[in-house]
Each structure stands twice: as C-alpha cells, then as structure tokens.
Asker: 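This structure is in structure tokens; I'll ask about it shortly.
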Amino acid sequence: MQIGRWKIARKDLIIGLAFIVVLYFTLPQFGVNPYFILLALMAIVEWLTKFVLPWIVLYWAIRLIKSWESK
C-alpha cells in the first residue's frame, strides 16, 4: 500500500490497528470513555480544517505568486 510518496509496510499498518483496538478496549478500565476521545479528535480535525488549513494554503499561494512574479 502506498500513500503519497511514502510506502507504509503491512506490518506497521497491522501494529497500528492492533494498538488502536487494544487502546479502545483498555481505556474504559481507567475510566476514560473512548467515545469522548473520538469526539475530541473530530473536533480538533474540524478546527484545523476551518482555521489553520486556509492560512497554510494562503501562505503557499502567496509564495507561488511571488515566485511567478520574480521570473
């Protein structure tokens, strides 16, 4: 499996998924609801795509325009 330019080995993918499954089943033993962690991660991703990502795109767009103007 290849994502972008980096190649992810199957072993690493299986280890990552196993880690997530184990974490999902062990968190309730420590009094943490995995559903709230999922909601928090979704809120973080939403916030990043609303507020941070547009500024990153704007920065790279300005750099692209400046490089075109300098040629």
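No experiment lies behind these values; they were computed from the predicted model shown. Any value given below was found using the heavy atoms of this structure, including those in side chains, with hydrogens, waters and symmetry copies removed. The chain is numbered in sequence order, starting from 1.
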Asker: Is L64 close to W60 at the side-chain level, that is, under 4.5 Å between some pair of heavy atoms?
Answerer: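 W60 vs L64: side chains apart.
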Asker: Indicate, with yes or no, if Y59 and I65 share a hydrophobic cluster defined by side-chain heavy-atom contacts under 4.5 Å among Ile, Leu, Val, Met, Phe, Trp and Tyr.
Answerer: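 No, it is not one cluster - the side chains of I65 and Y59 are not joined through contacts under 4.5 Å.
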Asker: How long is the straight-line distance from OH of Y24 back to CD1 of I37, given to the nearest 0.5 Å?
Answerer: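 These two atoms lie 11.0 Å from each other.
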Asker: Using the rule that Ile, Leu, Val, Met, Phe, Trp and Tyr join whenever any side-chain heavy atoms are under 4.5 Å apart, tell me whether I20 and I14 fall into a single cluster.
Answerer: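 In one cluster: no.
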Asker: Cluster question for you: counting only ILVMFWY and a side-chain heavy-atom cut-off of under 4.5 Å, with indirect links fine, are F51 and I56 together?
Answerer: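 They do share one cluster, since a chain of ILVMFWY contacts under 4.5 Å joins F51 to I56.
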Asker: Roughly how far apart are T49 OG1 and I44 CD1, rounded to 0.5 Å?
Answerer: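 So the gap between those two atoms works out to 12.0 Å.
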Asker: Once you round to the nearest 0.5 Å, how far does CD1 of I15 lie from CZ of F19?
Answerer: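 It comes to 11.5 Å.
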Asker: Does L38 belong to the same Ile/Leu/Val/Met/Phe/Trp/Tyr cluster as F25, with side-chain heavy atoms less than 4.5 Å apart forming each link?
Answerer: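 In one cluster with L38: F25, no.
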Asker: Would a hydrophobic clustering, with Ile, Leu, Val, Met, Phe, Trp and Tyr connected at side-chain separations under 4.5 Å, put V22 with V32?
Answerer: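 No, V22 and V32 fall in different hydrophobic clusters.
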Asker: Just how far is it from atom CD of E69 to atom CD1 of I62, taken to the nearest 0.5 Å?
Answerer: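 Answer for the CD-CD1 pair, E69 versus I62, is 10.5 Å.
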Asker: Mind checking the CG-CH2 spacing from L48 to W55? Nearest 0.5 Å is all I need.
Answerer: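 Answer rounded to 0.5 Å: 15.5 Å.
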